[in-house]
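Accompanying notes for the structure given below.
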Amino acid sequence: MSAASLDVLAVGNAMLDVLIRVDDGWLAGHGVEKGVMTLIGEARAAELHGKVVPAAERSGGSAANTAVGVASLGARAGYIGRVRDDGAGAAFRRDIREAGVRFDTPAATAGAATGRCLVFVTPDAQRSMLTMLGAAAEIEPADIDEAAAAEAAVTYLEGYLWDAPAAKAAMVKLADAARTAGRRVALTLSDPFCVDRHRETFLELIAERVDILFANEEEAVSLTGAADLRDAANMVSGIVETAALTRSAQGSLIVSDGGREEVPAAPVARLADTTGAGDLYAAGFLHAYARSRPLAECAWLGSLAAGRIIEQMGARPDEPLAGLPAAALNAANVANGGVGAAAASAGIRNPCAAA
């Protein structure tokens, strides 16, 4: 097997995040419910987008956030997602490439407009989101670059895509291309409601095509029908090689080869916004995994990346994260207890010690 030219190739809902600063009066006047996420249609998205001056427009979506996180950490990331040949699609392509992510999926010339998430931020820092999936939900097997999967150490699948039959087929095609090339496949379950809708087919996908599973506590329990996370861990250990089960402030539980390792959350100076914590945890984990680091170190870098992102607003790092891997995972530092020492200095037990 040839050396990988990409560390991580991610596929997901390609969404243009449109950040808009407004006051409560504007929300009320335009019928936007404060503090929640609401799905909207294309006409409503176009109407509201045309009425505002965005503070920022960024390529978004869960897997895109992970790909950008991987690139910010200094690794080689690629992304597959469907956008239209419109202004929003061009903005998505420009932004994700500027973030250092390879994005070669051709723009669709027919179908729905590029998906977007209108994020209204009020002076109290609350976010009210209107989401139009658009072209993102129309991804199909023709959009899949099998050669890219063969080049990537890990192919990362976003569970949100599992709703549409064509998107399911696209994910299976990509996973099969990766496995045929001897590469690894990772899946994030994305959302408990997504798991509730697709429990049986998710279990089939995981058992047949997935090597690394990412899930938070609620998703893992929903997937397995277990009473709690411990029981869920026992059950997933029988169907997937490695599972990274996140527990928010309690860190993560890594299950692999019948063993378990508890890795703490990284210390956080100031909690600003939990958006993107799971996406950046996956980015950190996969950055280290692609370099064949021990699983506890993968999870520790995931914790560090997640901790960094929740200290700021938004799901994209304000500053490059390239210093985190060297500080956390440098082989010489690890040999001298570096990862464990970093945790101990923050009052956390050694994350490389077995649970």
Side-chain angles (χ1 to χ4, degrees), residues 12-69 79 81-99 101 103 105 107-108 111-139 158 160-161 163-164 167 190-191 193-194 272-280 309-310 312-318:
N13 280 322
M15 307 288 294
L16 183 70
D17 286 343
V18 184
L19 186 69
I20 306 152
R21 300 194 183 279
V22 297
D23 57 25
D24 288 347
W26 195 98
L27 293 180
H30 292 83
V32 178
E33 187 175 356
K34 184 174 180 177
V36 301
M37 192 281 285
T38 305
L39 289 174
I40 59 173
E42 189 171 323
R44 172 78 163 149
E47 173 199 356
L48 289 178
H49 198 174
K51 290 183 176 180
V52 299
V53 177
E57 292 185 335
R58 285 184 166 178
S59 52
S62 174
N65 291 337
T66 296
V68 170
Y79 181 73
R82 186 181 178 97
V83 297
R84 265 299 302 270
D85 55 344
D86 53 20
F92 180 98
R93 186 177 305 278
R94 179 176 60 253
D95 181 77
I96 200 166
R97 285 178 169 176
E98 288 177 353
V101 178
F103 178 52
T105 311
T114 296
R116 69 201 73 179
C117 182
L118 306 180
V119 184
F120 299 97
V121 183
T122 43
D124 58 4
Q126 281 210 52
R127 293 179 166 225
S128 310
M129 295 182 286
L130 300 181
T131 300
M132 186 273 291
L133 291 174
E138 296 179 349
I139 192 170
E158 180 185 307
Y160 283 125
L161 282 182
D163 278 325
S190 295
D191 183 270
F193 296 108
C194 191
D273 180 9
T274 59
T275 304
D279 302 335
L280 268 292
I309 205 68
I310 66 177
Q312 61 163 71
M313 293 296 293
R316 296 293 177 80
D318 289 338

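Residue indices begin at 1 and follow the sequence shown. Predicted, not measured: the structure shown is a model, and the values here were computed from it.
- Applying the side chain to side chain contact (heavy atoms under 4.5 Å, CB included) test to Ser59 and every residue at least two apart in sequence or in another chain returns Phe92, Asp95, Ile96, Arg316.
- Using modelled atom types, one side-chain atom of Thr66 and one backbone atom of Asp279 make a donor-acceptor pair closer than 3.5 Å.
- Residue pairs that meet the salt bridge (Lys or Arg N to Asp or Glu O under 4.0 Å) test with at least one member in residues 25-41, sequence neighbours left out, are Asp24-Lys34, Lys34-Asp124.
- For Arg97, the salt bridge (Lys or Arg N to Asp or Glu O under 4.0 Å) test picks out Asp104, with sequence neighbours left out.
- In plain terms, the two heavy atoms of Ala164 and Ala137 that are nearest each other are CB-O, 3.8 Å.
- No side-chain heavy atom of Arg21 sits less than 4.5 Å from a side-chain heavy atom of Val52.
- For Asp86, the side-chain hydrogen bond (donor to acceptor under 3.5 Å, both in side chains) partners two or more places apart in sequence, or in a different chain, are Thr114.
- Annotation for Arg82 and Ala108: closest pair NH2-CB, 3.5 Å, computed over non-hydrogen atoms.
- Here the side chains of His49 and Pro54 are in contact, with some heavy-atom distance below 4.5 Å.
- Note that CG of Leu39 and CZ of Arg44 are 13.0 Å apart. Values are rounded to the nearest 0.5 Å.
- The heavy-atom pair separating Ala136 from Leu161 by the smallest distance is O-CD2, 4.1 Å.
- Atoms CG and CG, on Asn13 and Leu133 in that order, are 5.5 Å from each other to the nearest 0.5 Å.
- Within the model, atoms CG of Leu118 and OG1 of Thr131 stand 8.0 Å from one another, a figure rounded to the nearest 0.5 Å.
- Minimum heavy-atom separation, Leu27 to Ser128: CD1-OG, 3.8 Å.
- Pairs passing the salt bridge (Lys or Arg N to Asp or Glu O under 4.0 Å) check and including a residue from residues 51-63, sequence neighbours excluded, read Glu47-Lys51.
- Every residue two or more places apart in sequence or in another chain that forms a side chain to side chain contact (heavy atoms under 4.5 Å, CB included) with Ala45 is listed here: Ile40, Arg116, Met132.
- No donor-acceptor distance shorter than 3.5 angstrom exists from the side chain of Thr122 to the backbone of Asp23, with no hydrogens or angles considered.
- In this structure, Asn65 CG and Asp17 CG are separated by 7.0 Å, a value rounded to the nearest 0.5 Å.
- A pairwise comparison of heavy atoms in Gly69 and Leu280 identifies CA-CD1, 3.8 Å as the closest pair.
- When every heavy atom of Pro317 is checked against every heavy atom of Ile309, the shortest pair comes out as N-CD1, 3.4 Å.
- Glu138 places a side-chain N or O within 3.5 Å of a backbone atom of Ala112 that can act as its donor or acceptor partner.
- Looking at heavy atoms from C-beta onward, Thr105 lies out of side-chain contact with Tyr79 at the 4.5 angstrom threshold.
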